[in-house]
Amino acid sequence: MTATSIDIIEDLQSRGLLSQMTSGEELKSVLGQGRTLYCGFDPTAESLHIGSLVPLLTLRRFQNAGHKPIALVGGATGLIGDPSFKASERQLNSTEIVEFWVQRLQSQVSQFLDFDAGDNAAVVVNNLDWVKSTNVLDFLRDVGKHFSVNAMIQKESVKQRLDREGAGISFTEFTYMILQSYDFAELYKRHNCILQIGGSDQWGNITGGIDLTRRMHRAQVYGLTTPLVTKADGQKFGKTETGTIWLDSKKTSPYAFYQFWLNAADADVYTFLRYFTFLSVSDIKEIEAADQASQAKPEAQGILAKEVTRLVHGDEGLSAAQRISAALFSGELGELSEADCEQLRLDGLPSTKVENLPKGIVDALVETGLAKSNKMAREFISNNAVSVNGQRVESDAQTLNIESALFGRYFVLKRGKKLFHLAYTN
RNA sequence: GGAGGGGUUCCCGAGUGGCUAAAGGGAUCAGACUGUAAAUCUGACGCGCGAGCUUCGGUGGUUCGAAUCCACCCCCCUCCA
C-alpha cells in the first residue's frame, strides 16, 4: 500500500470527530502508511439510522486518506445484542430476521465505501463467518480464558446494568464484549487489521479487542472512537416526531431526510457540517463567519441538508427533496401545475389515496396519519393548525370534495407548520 | 430452593378501597413570537361530537364500588443457599 498524504488523525481532530484513541502518537506514526481498519455495524433493524453515519463516514475518511476499510456487519453479534449503555436487556431477534437485516445492511454500508480503490478497496465481512464454526469448548478455552470477569464488570458500558436497582444483565449480553473482541483478533489475523473505530459507546468493547489481540496474537492493535452526536438543547439526536431518521429511503424519504437536516439548530449546524460532510474545515469556518456577518437566516442548514442528502440519497434524491421543499415552503400552492402535483407524489412526499368523496376533514386527517385520532384531528383544527391546498380549515365540518381539489384530484394537507401530506383520488 | 422488593398511561415516577383517566417531571404535538431556528409564553397529551367507554403485568374473586384488598399465574430485581 502506498504512503498516505493526509494526516487523518489531525483531520479528525480538527473536525471534532476524535473522542478517544489508544496510544495516540504511536497510532499516528503507524498510520503513516496505508493500514487496514474496521468498524462494526450490528443488524438491529432493517436499516441503519443517522446515528451510524458518523462512524460510517469516518471509515470513508480513512479510505480517502489511503487506508483500507473493512465494514463488519454483525451477523453473530446481532444475535446476541450489545448491552453497552443500554438501560435494559433487549429482546432477542430470530435468526431469520437477523440474517435478512444483515443482507440489507451489507448493501447499505457498501454505498458509502469505494470497492474499486485498488490496494485500499473496501471489504465487507460478516462475523458470523468465523463465529458459527466455533464450538463452545474451544471458545471458552481459547478465547474466554483471556478475559477476567473482574475487568469486564469494571467497564463503564455495563456498569449501570450492574449497579442500577431494577436492572440486570443476562449472561448472553454480558458475553457480547467477548464476541466483539474476538472479531478484532480475527480480523487482525485474516486481514492484518490494526485499528478498530466506532462510536464512543464502543470504547469498552474496542479495548477488549485490543487486549485479546495482544494475548492471542502478541500483536499491538489500536482503537479510536468518534463522539456520540448530541444536540445543544440536550434532546436526543436523530429522532423527530415521525420517528427515527433512517438511511433507507423507503423508511425515511429523501424529502424527510433533507428536512431533518434543514431543521438543525444554529447551535448544532456547524458541528454537524464537520461531522456529516466532507467539506473542509476551512470551508466550514468560512460559512460560519459569513452567517455571522450576515445577520440574516444562516446558510449553513441549507448546505448541510444538501450535502448530507446527496451523500446518502444521491443527486436524484437530493433534487427530489429540494423540489418538494420548494413547492411546499416557498411558493403558493396554487401555482403548482398538475404535473407538479404528480411529481410531489413520485418524489416521495407522503401521500394517501382517498376514496368516497366528499370526505370529512377529520376522517381525512386520520386516514393520512396527520392525526392519530378523531379527537386529535379536532384539536388541531380548533388550534388553526390545519390547512388544505393552502386554505386554513375553519371547522371540523369541512370536507374534501372534487370542487376544491387541485386539478380535480389533489389535496395538499398541512398540519402544523411543517408537516405535509398529499391526498389524491383517481 | 429460601427470604424480601417490584411490574402504573411514550419514559421516569406518585398513588394503597370511592374526591383518580389516575399527582409531578421529562419527551412529544399545536398556537403566539420567529428564520421551516433557539429561547419564552399558552394550550393539548387513553378513546368518543357527546352521554359515556376502556386502562394501572395476567386470570379469577371480595365489595354498592378496586390501580388500590384476596387467590393463583407470568416477568424483573436484591440477598441467602
Side-chain angles (χ1 to χ4, degrees), chain A residues 83 85-92 158-174 230-245 255-273 287-288 290-306 309 321-333 349 360-363 365-366 368-387 390 392-399 412-421:
Chain A
F85 299 100
K86 300 277 186 333
S88 57
E89 187 86 10
R90 287 194 287 169
Q91 199 76 38
L92 289 176
V158 295
K159 263 234 165 89
Q160 61 171 322
R161 292 284 287 279
L162 298 167
D163 296 347
R164 187 176 174 234
E165 178 79 15
I169 184 167
S170 67
F171 180 70
T172 308
E173 284 196 4
F174 190 59
T230 54
K231 298 211 294 181
D233 59 10
Q235 288 173 10
K236 201 169 163 62
F237 170 75
K239 303 266 190 200
T240 67
E241 175 222 348
T242 358
T244 306
I245 305 297
Y255 161 70
F257 189 85
Y258 180 84
Q259 284 289 324
F260 170 80
W261 295 105
L262 199 61
N263 280 295
D266 292 1
D268 293 321
V269 68
Y270 305 100
T271 306
F272 289 177
L273 280 169
I287 295 168
E288 186 167 5
D291 280 342
Q292 248 158 23
S294 83
Q295 297 288 327
K297 182 180 169 184
E299 299 291 323
Q301 281 86 348
I303 297 168
L304 176 69
K306 186 174 123 192
T309 306
Q322 288 178 320
R323 277 198 301 274
I324 300 179
S325 300
L328 297 181
F329 287 96
S330 59
E332 285 289 311
L333 288 175
L349 178 67
I361 185 66
V362 170
D363 289 343
L365 287 171
V366 173
T368 55
L370 289 176
K372 253 190 274 175
S373 62
N374 295 4
K375 201 178 174 181
M376 282 296 175
R378 289 195 168 85
E379 193 198 318
F380 287 135
I381 293 166
S382 70
N383 284 343
N384 290 327
V386 179
S387 70
R392 169 171 298 169
V393 173
E394 308 284 352
S395 143
D396 58 17
Q398 212 163 307
T399 58
V412 178
L413 306 182
K414 181 182 177 193
R415 189 214 83 200
K417 289 203 183 77
K418 320 180 201 179
L419 200 56
F420 292 89
H421 198 103

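Quick note on labels: first sequence line is chain A, next is B, and so on, each numbered from 1.
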**Message:** Check this for me: A:Lys306, atom NZ, are more than 12 non-hydrogen atoms of other residues, nucleotides or ligands nearer than 6.0 Å?
**Reply:** no
**Item:** Rounded distance in Å - CD (A:Glu89) to C1' (B:G7)
**Value:** 17 Å
**Fill in**
Mate of B:G35 across any strand shown (Watson-Crick or G-U wobble, both atom pairs under 3.5 Å) is none
**Prompt:** If you measure from the Lys or Arg side-chain nitrogens to the Asp or Glu carboxylate oxygens, is any gap between A:Lys231 and A:Asp268 under 4.0 Å?
**Reply:** no
**Asked** Which value, in whole Å, describes the distance between the P atoms of nucleotides B:G58 and B:C75?
**Response** 15 Å
**Request:** Determine the Euclidean distance between corresponding C1' atoms of B:G7 and B:U59; express it in Å to zero decimal places.
**Result:** 16 Å
**Item:** Separation of the C1' atoms in B:G57 and B:C53, to the nearest angstrom
**Value:** 23 Å
**Message:** Using atom P in both nucleotides, what's the gap between B:C11 and B:C56 to the nearest angstrom?
**Reply:** 15 Å
**Asked** Hey, are the side chains of A:Phe329 and A:Gln259 touching, using non-hydrogen atoms and a 4.5 Å cut-off?
**Response** yes
**Item:** Nucleotide opposite B:A3 in a Watson-Crick or G-U pair, distances under 3.5 Å
**Value:** B:U78
**Message:** Any heavy-atom pair between the side chains of A:Arg323 and A:Tyr255 that's under 4.5 Å?
**Reply:** no
Nucleotide N/O to protein N/O under 3.5 Å, stretch nucleotides 79-81 of chain B:
none

**Asked** How would you label the contact of A:Ala267 with the nucleic acid (heavy atoms, under 4.0 Å): base, sugar-phosphate, or nothing?
**Response** nothing
**Request:** Answer whether the closest heavy-atom distance between the side chains of A:Ile324 and A:Tyr258 falls below 4.5 Å.
**Result:** no
**Asked** Nearest-Å distance, CD (A:Glu394) to P (B:G31)?
**Response** 14 Å
**Complete:** Rounded to whole Å, the CZ-C1' distance (A:Phe380 to B:A44) equals 9 Å
**Message:** Between A:Arg415 and B:C29, is there a contact of a side-chain N or O with OP1 or OP2 at under 4.0 Å?
**Reply:** no
**Prompt:** Any ion pair linking A:Arg161 and A:Glu173 (charged N to carboxylate O, less than 4.0 Å)?
**Reply:** yes
**Item:** Rounded distance in Å between the C1' positions of B:U54 and B:G46
**Value:** 8 Å
**Request:** Could you let me know what B:C64 is paired to, Watson-Crick or G-U wobble, both distances under 3.5 Å, or none if it's on its own?
**Result:** B:G18
**Pairing partner of B:C72 (Watson-Crick or G-U wobble, both distances under 3.5 Å)** = B:G58
**Asked** When every nucleotide of nucleotides 32-39 of chain B is labelled 5' to 3' by its protein contacts under 4.0 Å (heavy atoms), B for base, S for sugar-phosphate only, - for none, what sequence of letters results?
**Response** SBBBBB-S
**Message:** When you measure from the side chain of A:Glu89 to the backbone of A:Ser170, do you find a donor-acceptor pair of N or O atoms at a distance under 3.5 Å?
**Reply:** yes
**Message:** When the C1' atoms of B:A3 and B:U8 are compared, how many Å lie between them, rounded to an integer?
**Reply:** 26 Å
**Asked** Given A:Leu328 and A:Leu349, is the side chain to side chain contact (heavy atoms under 4.5 Å, CB included) satisfied, shown in steps?
**Response** CA-CA 10 Å; A:Leu328 297 181; A:Leu349 178 67; 3.7 Å; yes
**Message:** If we ignore hydrogens and angles and just use 3.5 Å, is the side chain of A:Thr368 paired with the main-chain N or O of A:Leu365 as donor and acceptor?
**Reply:** yes
**Asked** Can you tell me how far the CD atom of A:Glu379 sits from the OG atom of A:Ser373, to the nearest 0.5 Å?
**Response** 9.0 Å
**Asked** How far, in whole Å, is B:G17 from B:C12 if one measures between their C1' atoms?
**Response** 27 Å
**B:C47 pairs with, by Watson-Crick or G-U criteria that keep both distances under 3.5 Å** = B:G52
**Prompt:** Is the closest side-chain heavy-atom distance between A:Leu413 and A:Val386 below 4.5 Å?
**Reply:** no
Any protein N or O atoms within reach of nucleotides 45-48 of chain B? Criterion: under 3.5 Å, listing atom names and distances.
unit_1 : atom_1 : unit_2   : atom_2 : d
B:C47  : OP1    : A:Ser373 : OG     : 3.4
B:G48  : OP1    : A:Asn374 : N      : 3.0
B:G48  : OP2    : A:Ser373 : OG     : 3.3
B:G48  : OP2    : A:Lys375 : N      : 3.0

**Message:** Give me the distance, rounded to whole Å, that separates B:U55 from B:A67 when you measure between the P atoms they each carry.
**Reply:** 9 Å
**Item:** Side chain proximity check, A:Gln398 to A:Ile381, heavy atoms < 4.5 angstrom
**Value:** no
**Atom-pair distance (CG on A:Leu419; P on B:G31), nearest Å** = 11 Å
**Request:** For the pair A:Asp266 (side chain) and A:Pro298 (backbone), establish whether a donor and an acceptor sit closer than 3.5 Å, ignoring hydrogens and angles.
**Result:** no
**Item:** Watson-Crick or G-U counterpart of B:A27, or none if no pair lies under 3.5 Å
**Value:** none
